[in-house]
Amino acid sequence: MKREIIIIGGGIVGLSCAYFFQKSGKQVTIIDENDITNSTSFGNAGLLSSFDKTPLSYPGVVLNTLKLMLKGQSPAIIHPTLDLKMYKWLLNFILSANEKRTKKTMMLFEKYGEISLKLYEKMVKEDSFDFDYHRTGMLSVFTEENSYNQKLKKYNYIDEERFKILNNNELKEYLPSATSKIKGAILFKKNAHFDSKRVMLELKRHLQEVGVEFILNEKIENIRVENNKVKHLVSSSKIYEAEQYIMSTGYQTLLASKCNRDLTMIPAKGYSITFEMPKEFIPKTSTIFNDLFIVMTPRRDNVRFTSKLEIGSSDTKVVLKQIESIKKNFFEYNQYFEMKNEELWCGFRPLTPNDIPLIGRDEEIKNLTYAMGLGWLGMTFAPAIGSIITDLVVNDKKNAQSDDILLFSGFFQ
């Protein structure tokens, strides 16, 4: 049976593409190697941080990381490897850490982040999704005097709709667990947060109800190309054929390499801790500890930490040493409390060197489109990416005919 559209990968980007394809009247099939209950999207902090949040690659990132390494607080861990691709990625990452690139990236974040937030809000209103969605801003906390002062230099004006520099009393209101070791905090008012697990489960439920086909626990092992078109996908026991194929495989690039595409993207292992905490310490909104790379997000029934950036690791298991490191770094600047009913998770984020996703049509394979490389911002940009990919495929556009692809795709940066 020849299907209309097959999406390979059921993370937040794959589900978002399916959502907009289905809205446009297309028949959609999602194939995933797991059951979509523990993907990277499930482990996301739920912070939608498109406004006033610098990308991973920013001026001074290398020096700042080295300083934190000396203090034993660095979120970044680079494992030695013989894989030359990783060193090529690191070089591109360092070259991207300049003021011009950062400014451009942040403008793109703001543009497509706002599109995504409006789409999330529309989805909640029109489809009655329970995302536990709150647009109450992002509290940005600084534990290093220098990084706080650098931030203040960029926000040395008044814009009450965009941000507010908090005094100590206001900080305690937003982050009751804060101690005097924290150097400063800024509330950036345009960001939002939600419960990533709820989002994934709600989207999956809705898509199943409206007729999207899910083929789960099915690993696609090969992709056959003939006459500049994908002929079919191959699993261990079946062949899948469609008119159009969307590659949304997260950090995994095996299928792309079989199409002779060497994507500049690597897997970066991250962790999350979901737990219950005393009500008097629950933060008022999603909070990012900038210098520690820890995000703390309040949810309806619990709170979640996310942190760490392990590069060069292929270990799929939770390393307790890393969990203890996250806790130690957090409690260095916060009052101690008991974390009850902990749920530990780890997964791999698909990182590009400049935080720009790899989206758009393959330049040679006519019926193959990429929707990959969202890194730690998959939840933040997924609806925008889904709508862009849908417009590209449904309206049979070339990459050059889509301003969004030319602006926001790493293939054209």
Side-chain angles (χ1 to χ4, degrees), residues 3-48 50 112-135 192-218 240 242-250 274 297 299-302 304 347 357 359 369 371-372 374 377-394:
R3 293 168 168 87
E4 193 166 8
I5 295 174
I6 288 180
I7 299 172
I8 314 167
I12 185 60
V13 176
L15 295 187
S16 295
C17 289
Y19 177 85
F20 288 102
F21 275 128
Q22 192 279 327
K23 287 282 187 183
S24 71
K26 296 295 182 181
Q27 293 182 325
V28 185
T29 296
I30 295 174
I31 303 178
D32 194 275
E33 65 181 23
N34 298 305
D35 62 359
I36 315 184
T37 59
N38 198 36
S39 65
T40 299
S41 300
F42 275 82
N44 189 279
L47 169 60
L48 307 177
S50 53
Y112 291 100
E114 182 63 28
I115 290 171
S116 281
L117 289 178
K118 293 299 185 186
L119 288 172
Y120 274 130
E121 289 162 6
K122 185 178 180 181
M123 291 160 74
V124 168
K125 182 178 180 180
E126 292 186 358
D127 295 301
S128 300
F129 286 124
D130 179 12
F131 288 165
D132 193 16
Y133 174 92
H134 306 275
R135 193 163 188 181
H193 70 270
F194 55 25
D195 184 333
S196 54
K197 180 179 179 179
R198 287 182 185 273
V199 172
M200 292 294 291
L201 294 178
E202 284 281 279
L203 267 174
K204 182 184 176 185
R205 173 193 57 77
H206 171 81
L207 292 172
Q208 287 175 321
E209 289 177 356
V210 296
V212 171
E213 179 186 21
F214 282 81
I215 301 174
L216 303 179
N217 300 304
E218 181 77 289
Y240 298 96
E243 295 175 12
Q244 295 287 338
Y245 300 83
I246 312 299
M247 192 177 295
S248 183
T249 53
T274 307
T297 303
R299 291 137 53 108
R300 186 174 303 158
D301 302 316
N302 48 42
R304 172 170 285 177
I359 58 175
T369 303
M372 304 173 67
L374 273 295
L377 291 168
M379 285 286 179
T380 296
F381 296 122
I385 299 301
S387 63
I388 292 169
I389 296 298
T390 298
D391 174 64
L392 193 70
V393 174
V394 169

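This chain uses plain numbering: 1 for the first residue, then up along the sequence. For the numbers below, each heavy atom of this structure counts, side chains included, while hydrogens, waters and symmetry mates do not.
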Separation of [Y] [atom2] from [X] [atom1] (nearest 0.5 Å):
X: S16; Y: M379; atom1: OG; atom2: CE; value: 8.0 Å
X: K204; Y: D32; atom1: NZ; atom2: CG; value: 9.0 Å
X: I389; Y: M247; atom1: CD1; atom2: CE; value: 12.0 Å

Would I8 and Y240 count as a side chain to side chain contact (heavy atoms under 4.5 Å, CB included) here? Give the steps.
CA-CA 11 Å; I8 314 167; Y240 298 96; over 6 Å; no
Report the C-alpha separation of I359 and M372 in whole Å, then their side-chain angles, then the decisive distance to 0.1 Å, and conclude whether the side chain to side chain contact (heavy atoms under 4.5 Å, CB included) test is met.
CA-CA 6 Å; I359 58 175; M372 304 173 67; over 6 Å; no
Please tell me if the side chains of [X] and [Y] come closer than 4.5 Å, counting only heavy atoms from C-beta onward.
X: I115; Y: P383; result: no
X: F21; Y: V212; result: no
X: I30; Y: L15; result: yes
X: I31; Y: F214; result: no
X: F381; Y: S50; result: yes
X: F42; Y: L201; result: yes
X: I246; Y: I5; result: yes
X: Q22; Y: T390; result: no

With [X], which residues qualify under side chain to side chain donor-acceptor pair (under 3.5 Å), at least two apart?
X: T297; result: S286
X: E213; result: R3, T29
X: R135; result: E114

For the backbone of [Y] and the side chain of [X], can you confirm whether one donor and one acceptor N or O come within less than 3.5 Å of each other?
X: S41; Y: I12; result: yes
X: S116; Y: T380; result: yes
X: Y133; Y: D130; result: no
X: R304; Y: N44; result: yes

Can you list the residues that meet the salt bridge (charged side-chain N to carboxylate O under 4.0 Å, His left out) rule with D195, with sequence neighbours excluded?
R198, R299
The criterion is salt bridge (charged side-chain N to carboxylate O under 4.0 Å, His left out); which residues satisfy it with E4, sequence neighbours excluded?
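Salt bridge (charged side-chain N to carboxylate O under 4.0 Å, His left out) list for E4, sorted by chain: K26.
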Minimum heavy-atom distance [X]-[Y], with the two atoms named:
X: L119; Y: S387; result: CD1-OG, 4.0 Å
X: V394; Y: S24; result: CG2-OG, 3.5 Å
X: A192; Y: L47; result: O-CD1, 3.7 Å

According to salt bridge (Lys or Arg N to Asp or Glu O under 4.0 Å), does anything in residues 16-25 pair up with another residue at least two apart or in another chain? List the pairs.
K23-D127
Yes or no on salt bridge (Lys or Arg N to Asp or Glu O under 4.0 Å) for R205 and E209, after CA distance, side-chain angles and deciding distance?
CA-CA 6 Å; R205 173 193 57 77; E209 289 177 356; 3.1 Å; yes
I385 vs L374, test: side chain to side chain contact (heavy atoms under 4.5 Å, CB included). Steps then yes/no.
CA-CA 9 Å; I385 299 301; L374 273 295; 4.2 Å; yes
Using side chain to side chain contact (heavy atoms under 4.5 Å, CB included), reason through V28 and Y19 one step at a time and then give a plain yes or no.
CA-CA 9 Å; V28 185; Y19 177 85; over 6 Å; no
Neighbour count above 12 (heavy atom, 6.0 Å) for K197 NZ:
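Counting neighbours around NZ of K197, 12 or fewer heavy atoms of other residues, nucleotides or ligands fall under 6.0 Å, so no.
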Please work out whether the ring planes of Y120 and F131 are parallel, tilted or perpendicular, with thresholds of 30° and 60°.
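If you compare the ring of Y120 with that of F131, the planes turn out perpendicular.
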Pair H206 + F129: ring centers closer than 6.0 Å:
yes
